[in-house]
Amino acid sequence: MIHAPGVEGVGSSSIMRLYEPRKAEEIAKHCGVSKGMVHQVISTYHRFGVEAIETPGKGGRRHQYLTFSEEKEFLAPFFTQAESGQIATVSQIQRAYEATVGHEVDESTIYRLLNRHGWRKLMPRPRHPQADLQEQEQFKKTLKPRLGRSSQPGQSKMNVLS
């Protein structure tokens, strides 16, 4: 598909329409762009040909240190480490990544890398794995008498107006 830089919807059929004897205002209205953009596309096409206005379009990863498959290969040892129950930290992965690409990278690069490959940040456990639930319940039951609080909410031990 042929795209003019910054123009959505300009395809090869639109470029052929540029040669039809019409005013730039009509072409711009038809393509949904400005009149100046039409003149710019025509000028670029005349000077450099179709290759000059063929662009990959918006989006995508154009600036990458490793391809997706290379990233997957890079993360494989960390996956096996995580599967065996060991913790893989971002700083550890970042140091290994920097050694692979040969220069420093920002921490956000590593977080985006992990996100691309389905990793997520784990939250801490809601309770300790060696916690004794019965002991915790007993503590909750004996806490109120130790603090001298009443057992029912809204009930006070001191009755000032009695």
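Residue numbers run from 1 in the order of the sequence given. Just so you know, these numbers use all the heavy atoms, side chains as well, and skip hydrogens, waters and symmetry mates.
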Next item on the list: State, to 0.1 Å, how close Glu71 and Leu113 come at their nearest heavy-atom pair, and which atoms those are.
Entry: CD-CD1, 3.2 Å

Item checked: Residue pair Glu107 / Val90: nearest heavy atoms and the distance that separates them -> CG-CG1, 4.0 Å

Flag the pair [X] / [Y] as yes when at least one side-chain heavy-atom distance between them is below 4.5 Å, and no otherwise.
{"X": "Val38", "Y": "Lys35", "value": "no"}
{"X": "Lys23", "Y": "Ile27", "value": "no"}
{"X": "Ile42", "Y": "Tyr45", "value": "no"}
{"X": "Glu135", "Y": "Gln138", "value": "no"}
{"X": "Phe78", "Y": "Gln92", "value": "yes"}

Check: Should Leu75 and Phe68 be regarded as members of a common hydrophobic cluster, given that ILVMFWY residues are connected when their side-chain heavy atoms come within less than 4.5 Å of each other, either directly or indirectly?
Finding: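 No, it is not one cluster - the side chains of Leu75 and Phe68 are not joined through contacts under 4.5 Å.
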
Check: How many angstroms lie between CD in Glu25 and OG in Ser34, if you round to the nearest 0.5 Å?
Finding: 11.0 Å

Notebook entry, point to check: What distance do Glu137 atom CD and Asp132 atom CG have between them, rounded to the nearest 0.5 Å?
Noted result: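 The CD atom of Glu137 sits 10.5 Å away from the CG atom of Asp132.
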
Checklist line | Heavy atoms from other residues, nucleotides or ligands near CD of Glu26 exceed 12 (cutoff 6.0 Å) | finding: yes

Notebook entry, point to check: Between Tyr65 and Glu70, does a side-chain contact (heavy atoms from CB on, under 4.5 Å) hold up when you go through it step by step?
Noted result: CA-CA 9 Å; Tyr65 298 122; Glu70 290 173 336; over 6 Å; no

Note to self: What I want to check is whether the side chains of Gln94 and Glu98 have a donor and an acceptor closer together than 3.5 Å.
What the structure shows: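 Result is yes, a qualifying pair exists.
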
Check: How far apart are the C-alpha atoms of Leu114 and His117, what are their side-chain angles, what is the distance that settles it, and do they pass the side-chain contact (heavy atoms from CB on, under 4.5 Å) test?
Finding: CA-CA 5 Å; Leu114 295 174; His117 292 275; over 6 Å; no

Side chain [X], main chain [Y], donor-acceptor under 3.5 Å:
{"X": "Ser43", "Y": "His39", "result": "no"}
{"X": "Gln136", "Y": "Leu133", "result": "no"}
{"X": "Thr109", "Y": "Val105", "result": "no"}

Notebook entry, point to check: How are the rings of Tyr97 and Phe74 set to each other: parallel, tilted or perpendicular (split at 30° and 60°)?
Noted result: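 Geometry flag for Phe74 against Tyr97: perpendicular rings.
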
Margin query: Is the distance between the ring centroids of Phe79 and Trp119 under 6.0 Å?
Written below: yes

